[in-house]
Amino acid sequence: MDDSIYEALDVPEVINGVGTKTRVGGTRIREEAVEAMRAAARSFARISDLQARASQRISDATGSEAGYVVSGAASGLTLATAACLAGRDFGVMDRLPDTEGVPDRVVVPHAHRNSYDHAIRAAGARLVTVGNSDRTLGPGSSDLEPWELERAIGSDTAAVAYVPRDSIPLEPITEIAHRHDVPVIVDAAGRLPPKRNLERFVREGADAVVFSGGKAIRGPQSTGFIAGRRDLIASVALQHLDMDAVRETWNPPETLVDVDPSDGVPRHGIGRGHKVGKEELVGFLVAFEAFLDEDTAALYEEWEARARSIERRLDAVTGLTATGAEDGRGIPTVAVHVDETETGIGAVDLVNRLRGERPRVFVGDRDAGTGTFTVHPMSLTDEDAEYLVGRVRAHC
Ligand SMILES: *Cc1c(COP(=O)(O)O)cnc(C)c1O
């Protein structure tokens with residue numbers, strides 16, 4: 001930590017025990033991707049050529065017709081929605097997020113509503129919620145009946161949005177949506193690993209699937225990608241690429257956008273503020289290859305070993321009870337219950353104390369109110385884990 005770039009800038013470094021959380025910087029970019037970004041920073045490439053190459057690699061890896069690199073999965077949701085709203089209509093592209101006169105409803109299962117759907121609304125769409133969350137009440141009722149979706153889709157529907165959850169299968173949804181000629185957008189931002197999810201949602205009929213590049217892929221934090229239909233990706237490109245172009249000389253790669261020059265050049269689209277630089281594009285591409293080649297089983301073993309070691313050492317502290325948990329993707333984590341009468345400090349105070357130190361130590365706070373903090377092994381080195389355990393012990 002002595003050679004920390006953050007400390008050099010007089011900013012506290014963070015020991016990250018919360019996984020790939022954006023607010024503490026997401027992930028460690030793979031070394032080979034960092035090297036590639038350094039090289040990319042020294043010379044130039046046409047952004048649309050880099051995107052065309054990315055499209056090919058994303059298509060190979062996911063089975064989609066095409067792909068596109070965006071500035072995060074949330075950015076991907078906005079751009080995929082913009083593509084569903086505008087299609088190839090330069091006029092609509094120019095107006096977004098104003099959708100007057102354009103079908104602009106995005107139907108979303110109630111159980112799939114979450115804060116990230118602001119990114120869908122940011123394109124100008126309006127959400128229509130269907131179904132409910134009965135499953136959380138216990139067994140018996142489903143979160144979405146097919147007839148509910150069927151009836152919610154109408155002439156004003158631009159898309160259906162879906163977040164992978166066990167309670168509602170994707171295939172019946174894509175089947176119904178496609179019968180009405182409506183595309184389905186899937187927010188699969190954090191659904192890697194397992195790697196098979198790269199292909200799964202495309203195979204199940206999704207028209208645009210959005211993933212983060214800065215989570216398990218360990219590319220640049222401000223990247224994500226869309227895997228989807230060629231026409232939707234072309235619309236994304238037209239609404240994202242810098243359009244400071246002259247009609248007579250505008251010549252983007254045909255594999256990305258099959259434009260007829262006589263159509264003219266679109267204005268800067270709604271995605272112009274979602275810029276992806278050459279360094280991010282190159283960093284993403286290199287990280288993505290490494291992710292595809294990675295031995296995920298070995299990685300799980302590493303996370304498991306780190307989590308168990310943290311669990312053992314924290315459980316040995318009087319007043320702490322550490323147990324194995326998982327993060328919803330099967331990645332092993334540690335849940336630590338704090339008995340305040342023994343430790344003299346409650347979980348909330350402990351979490352705040354750790355975050356107030358230098359370096360800041362971040363542990364999971366979601367259940368701190370009920371006396372439990374969590375530790376996620378994914379963004380910790382063994383050395384970090386050692387330090388984290390030491391700091392927790394120091395307060396208890
Ligand atoms: C992380 C996440 C996002 C946002 O991803 P970014 O790449 O940070 O933009 C969106 N949706 C879900 C479900 C996520 O988990």
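Given the structure is predicted, the values throughout are model-derived calculations rather than measurements. Both counts, for ligands and for their atoms, begin at 1 and track the order of listing. All residue numbers in this chain count up from 1 along the given sequence.
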Discussion item. Can a side-chain donor-acceptor contact be found between His112 and Asp143 if the only test is distance below 3.5 angstrom?
Written reply: no
Fill in: Criterion salt bridge (charged side-chain N to carboxylate O under 4.0 Å, His left out) on Arg355 and Asp365, from CA distance to verdict
CA-CA 11 Å; Arg355 289 182 185 190; Asp365 59 350; 3.4 Å; yes
Discussion item. Which label fits Trp303 and Tyr300: parallel for a plane angle under 30°, tilted from 30 to 60°, or perpendicular past 60°?
Written reply: perpendicular
Worksheet item: Going by distance alone, is a donor N or O of one side chain under 3.5 Å from an acceptor N or O of the other, for Ser309 and Arg313?
Response: yes
Worksheet entry | Geometric class of the Phe201/Phe211 ring pair [parallel <30°, tilted 30-60°, perpendicular >60°] | tilted
Practice prompt. Could you tell me how the ring of Phe284 sits relative to the ring of Phe225: parallel (under 30°), tilted (30 to 60°) or perpendicular (over 60°)?
Written response: tilted
Practice prompt. For ligand 1, list the protein residues that place a heavy atom within a distance below 4.0 Å of one of its atoms, sorted by chain and number.
Written response: Thr22, Gly72, Ala73, Ala74, Tyr116, Asp187, Ala189, Ser212, Lys215
